[in-house]
> 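Here you go, one structure.
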Amino acid sequence: MGAAALPSLLLGILFVSSFTISPSESKLTTDYYSKSCPQFEDTIREIVTSKQITSPTTAAGTLRLFFHDCMVEGCDASVLISSNAFNKAERDSDVNLSLPGDAFDLIVRAKTALELTCPGVVSCADILAHATRDLITMVGGPFYTVRLGRKDGLISQASRVDLPTVKSSVSEMITFFASKGFTVIEFVALMGGHTIGFSHCKEFAGRIYNYSKTSPIDPTLNAKYAEGLRKACANYETNPTMAAFNDVMTPGKFDNMYYQNLQRGLGLLQIDQILMADARTKPYVEMFAANQTAFFQSFSHAMEKLSVLSVKTGRKGEIRRRCDSFNNIRT
Ligand SMILES: *[C@@H]1O[C@H](CO)[C@@H](O)[C@H](O)[C@H]1NC(C)=O
Ligand SMILES: *[C@@H]1O[C@H](CO)[C@@H](O)[C@H](O)[C@H]1NC(C)=O
Ligand SMILES: *[C@@H]1O[C@H](CO)[C@@H](O)[C@H](O)[C@H]1NC(C)=O
């Protein structure tokens, strides 16, 4: 190679990498705690395993919590902060959101254990990211790489939460995901997280009781399935905890059944079922329904991307002592 070629090649590499990786996420590494907290992986795995066995909805709840965390302020544990008299925190942005208690409990347990063995070393953001991956793998989903070294964020405000809802349109969803750097196929793959977990009846009641003037039931729903949901949710207004599995066929298993369900009118939420009706998303639903390997590959790739979204490193964050409050409580 000629001497003159070298600088331009280096420039080319720098140029390319500046577009693919942000300075913060480039500081993350897979072995971040190998010296400072060698127990990190084993501790999380043990706690995740016992929690998932005693509370089988933990995996879905933790995935949801992690998604919520990363999509607001980046993956920085901002979602774990509790509100106080002076600040309404992210997790209380919507009374209807009801973020899963099991998942918060899991993170608190892991943090407590890690503070005993490696005090002040492991961030809550890393615990949440790592626990999410372990849980997905535990319920049958793909293993993907989680790089570590996130700091915990210093902001958590309900007023800064701007997430799509179960009633969002495909266009709104595509725009939202694009604003966070995700393509349409990545968006459809992340929706596949609804292969586990459940939703409260009020989130889909409109589809089974009150759809339109001419039809109380959303006609895109499978008729028998809709009938079953109407029975299951009969008292939902007096009992708001009533819920249905997101994936009626294999509710606890992370697989591609979610997409097969959409093809049969078994999508629980409006936001699920409309993926099948839109020309931009339908091809990916069909591809993932036909090929679980393709789904797992796209899901893994999208999760690796989600896991490093706007992460904070260095002085842009802190290692919280407790996951639910900032180290210096600002008033
Ligand atoms: C909560 O749900 C109820 C009933 O579906 C709705 O009327 C209300 O606007 C929702 N609240 C928020 C903050 O979204
Ligand atoms: C259907 O909608 C009407 C009017 O909005 C409301 O009064 C009624 O309670 C709803 N029924 C159910 C079963 O949700
Ligand atoms: C399924 O998807 C994988 C990954 O994209 C691909 O390598 C494989 O050929 C596909 N299988 C079929 C039967 O299309």
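Order of appearance sets the numbers: ligands from 1, and atoms from 1 within every ligand.
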> May I ask you to identify the nearest protein heavy atom to atom 4 (C) of ligand 3, giving residue, atom name and distance to one decimal place in Å?
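Ranked first by proximity to atom 4 (C) of ligand 3 is Gln297 OE1, 3.3 Å.
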> Could you check whether any side-chain N or O of Thr281 sits under 3.5 Å from a backbone N or O of Leu275, counting only pairs where one atom can act as donor and the other as acceptor?
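Yes; at least one donor-acceptor contact below 3.5 Å.
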> Answer yes if a protein heavy atom lies under 4.0 Å from atom 2 (O) of ligand 3, otherwise answer no.
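Yes, there is a protein heavy atom closer to it than 4.0 Å.
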> Nearest protein heavy atom to atom 14 (O) of ligand 3, by residue and atom, and its distance?
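Here the closest protein heavy atom is Asn291 ND2, 3.5 Å.
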> Given Asn261, which partner from the list Asp247, Asn256, Thr250, Asp272 fulfils the side-chain hydrogen bond (donor to acceptor under 3.5 Å, both in side chains) test?
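Exactly one candidate clears the test, Asp247.
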> Around Arg322, counting heavy atoms of other residues, nucleotides and ligands shown, do more than 12 lie under 6.0 Å from its CZ?
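It does not: Arg322 CZ has 12 such atoms or fewer within range.
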> Taking the inter-plane angle between the rings of Phe254 and Phe296 on a 0 to 90° scale, is it parallel (under 30°), tilted (30 to 60°) or perpendicular (over 60°)?
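Tilted.
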